[in-house]
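Quick note on labels: first sequence line is chain A, next is B, and so on, each numbered from 1. Since the structure is predicted, the reported quantities are computational estimates derived from the model, not experimental observations.
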Protein chains: 2
Amino acid sequence: MSGPTVRDVAQVAQVSLATVDRVLNNRGGVSAKVVDRVKAAVAQTGYVRNLAAANLSRRRIYRFCFVVPSGDTGFVALLHAALAQEQQRLMEEQVLVQIVPTKAFDVEDQVAALRDLDCDAVAVMANEAPEINEQIAALKTSGIRVLSLVADLPSSGRDAYVGPDNVMAGRTAAEFMGRFTANRGTILMIAGSLAARDHSERLLGFRMVMQERYGGCTLLPAGQGADDAERVERIVLDAAKAQPLAGIYAIGAGNRGLVRAIGTLDPKPVTIVHELTPTSREALRTGTFDLVIDQDIRAGVIAAVRIMRDLTEATTPPADAGRIKLNIYSRENIQ
Amino acid sequence: MSGPTVRDVAQVAQVSLATVDRVLNNRGGVSAKVVDRVKAAVAQTGYVRNLAAANLSRRRIYRFCFVVPSGDTGFVALLHAALAQEQQRLMEEQVLVQIVPTKAFDVEDQVAALRDLDCDAVAVMANEAPEINEQIAALKTSGIRVLSLVADLPSSGRDAYVGPDNVMAGRTAAEFMGRFTANRGTILMIAGSLAARDHSERLLGFRMVMQERYGGCTLLPAGQGADDAERVERIVLDAAKAQPLAGIYAIGAGNRGLVRAIGTLDPKPVTIVHELTPTSREALRTGTFDLVIDQDIRAGVIAAVRIMRDLTEATTPPADAGRIKLNIYSRENIQ
DNA sequence: TTGTACGCGTTATCAT
DNA sequence: ATGATAACGCGTACAA
């Protein structure tokens, strides 16, 4: 009833369990002739290794860290929630995840967090800075696998990146901005910080498509809101004073300030933002925001853990395993 | 190094392993006093059950069936591909899935497929018909758990539904249709069959939002394309002869015919379709289609298996476990 | 009501 | 180079 086991393979190949194990996990020390015999037996019996038994036997515990900005609102709050939600399931699968909160935008703090890390692999969401890159290189030297989360750190030598294609995110925002504004009027773009790779990439993609296909719109220079509600609000109000705004593309956080500012504008600009948080969800519902481009951070966490497991097992993860889909939400498909 | 085990709990609680097991899986037959002692011990030691060991020990093999329409194009092809792709991973987790192909729209064939089923649970994608409902009831009587896939069968008494909210899907399509057409012009809607619940629900949702907010558009009576490319093409061409089309909402399959028809139209109508297939993907890229509303069928398959496992284990699955997200694709975020 | 002992399929440690 | 055998943590007959 149950599938074939190593015992069946051993019997067919006329060898012992230990030899089958050596071939299966290619540990070497087996004559070529026997290797072939075992492989043939595997094929013949249709053996597939039982992961549960394997994990049980070697009783390995995976220790993973998530080094992510602290914060109790917006996207990072969702990230922390997703992490918490996965904890239970992960514990049962013998993976221990430790969350190391850092100060957002504080490179020094982030480097410090990365310094004394004791684990098999780490997922890090951080700024793009030379110090960070150095520290990641040091981690890798000490045998810890590293992946970048949400914002890539391509020149750090990280083993993988888990997150969306942020250029694509920006391009998508532009496509809808062009259509919703009927290719007319002035557009305000607000990033958090252009030093954050995800933000600069989104801006890049947005500009590309607006130039390619929606030349009827005028782009203002990009504002930098530092992911801060007050600053975002100020930027919008200042820009709206100079000319009417047909559209706003908010690249980073600080959406509560955006909502406040838009409440004072007439006519209301077409507004496209990122990340489906309680704030943006409510703003969609009331019509303050027109579109939300979301990265499913829960899927991201799951993918990250899976990749970290693969990396520590030295099995190369699937090429697109880290690509998180971009979900587009309008007022009608919020869930 | 490894976490606490049942032995630790047993030792702390001063009972045997069997008693701990009885409490953990509440099988009854344990005095209240001892139950408390064990629970306290669990809390004290921080015990979490090792899933691998549990699955290994009880060596249960789950046998699930997918009764789905056959087909080598469009959405059902994606479904079959998703199923095939999951097979490997599922085998390792001790679940055997058997795919039972049926003739699309052929109720008699679908009933026959459901008749002689030997498994723990079945996921069925079928038409809404009394015979189907009866057969599902019979399955349930014989102890097989049943869930409806993609299109719900609410009056069948199925244990669960895995699929998107199709009313929401239709509403979403309308929201974008209204915006993309700037709330002007004539809209053609094409369903496959109004007897298919998913199609009628989408139509309902679409009509609701168009009436609520986009009254500037005129809706033609819904055509029925039977998910057939030729018929879909004919419907579009006939409608376009009578008046220029500002928009087309294609609810079901047959998108290759839609592409052909649109190629002859000038100006090109705003076109919104369902399911990201090779055809619709290409049409998005070339600008023939403007929006694709997709249900992630791979996520659906994964969710279905998980729910079937829960159902056969008699552990009630999470309330929203079967809700598949609707993903919106424009030419810029195809992946 | 409670406890004992064995088996699940794989890995790892010995010994040969 | 190969084999025998004892864990790993949990579930479950069976015994008491």
Side-chain angles (χ1 to χ4, degrees), chain A residues 1-39 41-42 45-62 91-96 309 312-315, chain B residues 1-39 41-42 45-62 91-96 309 312-315:
Chain A
M1 186 58 73
S2 180
T5 76
V6 273
R7 311 175 95 88
D8 301 316
V9 176
Q11 189 174 4
V12 171
Q14 303 279 26
V15 295
S16 74
L17 295 175
T19 300
V20 173
D21 174 65
R22 289 192 258 267
V23 175
L24 254 34
N25 302 301
N26 33 262
R27 308 187 203 277
V30 181
S31 66
K33 179 181 290 186
V34 174
V35 169
D36 288 342
R37 232 172 45 223
V38 171
K39 287 192 171 169
V42 168
T45 56
Y47 166 83
V48 279
R49 131 225 195 101
N50 182 328
L51 237 191
N55 284 337
L56 173 59
S57 178
R58 85 184 113 175
R59 86 183 137 163
R60 191 175 190 345
I61 286 200
Y62 302 98
M91 286 221 51
E92 291 196 344
E93 292 176 14
Q94 312 303 295
V95 352
L96 238 55
R309 196 167 52 63
T312 57
E313 290 288 8
T315 63
Chain B
M1 186 58 74
S2 180
T5 77
V6 274
R7 311 175 94 87
D8 301 317
V9 176
Q11 188 174 5
V12 170
Q14 302 279 23
V15 294
S16 75
L17 296 172
T19 299
V20 173
D21 175 67
R22 289 183 183 81
V23 175
L24 253 35
N25 303 302
N26 31 261
R27 309 185 203 278
V30 182
S31 67
K33 179 180 290 189
V34 174
V35 169
D36 288 342
R37 234 176 39 226
V38 171
K39 286 191 171 169
V42 168
T45 56
Y47 167 82
V48 279
R49 166 250 268 310
N50 181 328
L51 237 194
N55 284 336
L56 176 60
S57 176
R58 86 181 117 189
R59 94 185 130 156
R60 189 169 185 358
I61 287 202
Y62 302 97
M91 285 219 51
E92 292 196 344
E93 291 176 15
Q94 315 300 299
V95 353
L96 239 55
R309 197 168 52 63
T312 56
E313 289 289 7
T315 62

After noting the C-alpha distance and the side-chain angles of A:V6 and A:D21, does the key distance pass the side chain to side chain contact (heavy atoms under 4.5 Å, CB included) rule?
CA-CA 8 Å; A:V6 273; A:D21 174 65; over 6 Å; no
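Distance A:Q94 CD to D:dG9 P: 9 Å, rounded to the nearest Å. Rounded to a whole Å, the CZ atom of A:R58 is 13 Å from the C1' atom of C:dG9. The CG atom of A:D21 sits 15 Å away from the C1' atom of D:dA1 (whole-angstrom rounding). Rounded to an integer number of Å, the gap from CG of A:N55 to P of C:dT11 is 9 Å. The separation between B:Q11 atom CD and C:dG3 atom P is 14 Å, rounded to whole Å. Between B:R7 atom CZ and D:dA7 atom P there is a gap of 11 Å when expressed in whole angstrom units. Summarising the geometry, the separation between CG on B:L56 and P on D:dA7 is reported as 17 Å, rounded to the nearest angstrom. Taking atom CG on A:D8 and atom P on C:dG9, their separation rounds to 9 Å, with Å as the unit.
Taking a 6.0 Å sphere around CZ of A:R58, one finds it holds more than 12 heavy atoms contributed by other residues, nucleotides or ligands. Counting non-hydrogen atoms of neighbouring residues, nucleotides and ligands closer than 6.0 angstrom, the CD atom of A:E93 exceeds 12 such neighbours.
Both A:L17 and A:S31 lie near DNA chain D, and the one whose nearest nucleotide falls closer to the 5' end is A:S31. Along DNA chain C, the nucleotide nearest to B:V30 and the one nearest to A:V6 differ in position, and the one closer to the 5' end is contacted by B:V30.
Side-chain proximity of A:R27 to the nucleotides C:dA12, D:dG11, C:dT10 is greatest for C:dA12. Listed nucleotides D:dG11, C:dT10, D:dG9 differ in distance to A:A53; the shortest reach to its side chain belongs to C:dT10. The nucleotide whose nearest atom lies closest to any side-chain atom of A:S57 is, among C:dT11, C:dC8, D:dT2, C:dT11.
Remark: A:T19 is in phosphate contact with D:dG3, judged by side-chain N or O atoms under 4.0 Å from OP1 or OP2.
At a threshold of 4.0 angstrom between heavy atoms, the contacts of A:N25 are confined to the sugar-phosphate backbone, with no base atom among them. Looking at heavy-atom distances under 4.0 Å, B:N50 makes contact with sugar-phosphate atoms alone, never a base. Here B:A18 lies in heavy-atom contact (under 4.0 Å) with a base. Among the atoms of the strands shown, base atoms are found under 4.0 Å from some heavy atom of B:R22.
Looking at A:V20, A:V15, A:L24 one by one, the single match for side-chain contact (heavy atoms from CB on, under 4.5 Å) with A:V9 turns out to be A:V20.
Judged purely by atom type and a 3.5 angstrom limit, B:D36 has no side-chain atom pairing as donor or acceptor with the backbone of B:K33.
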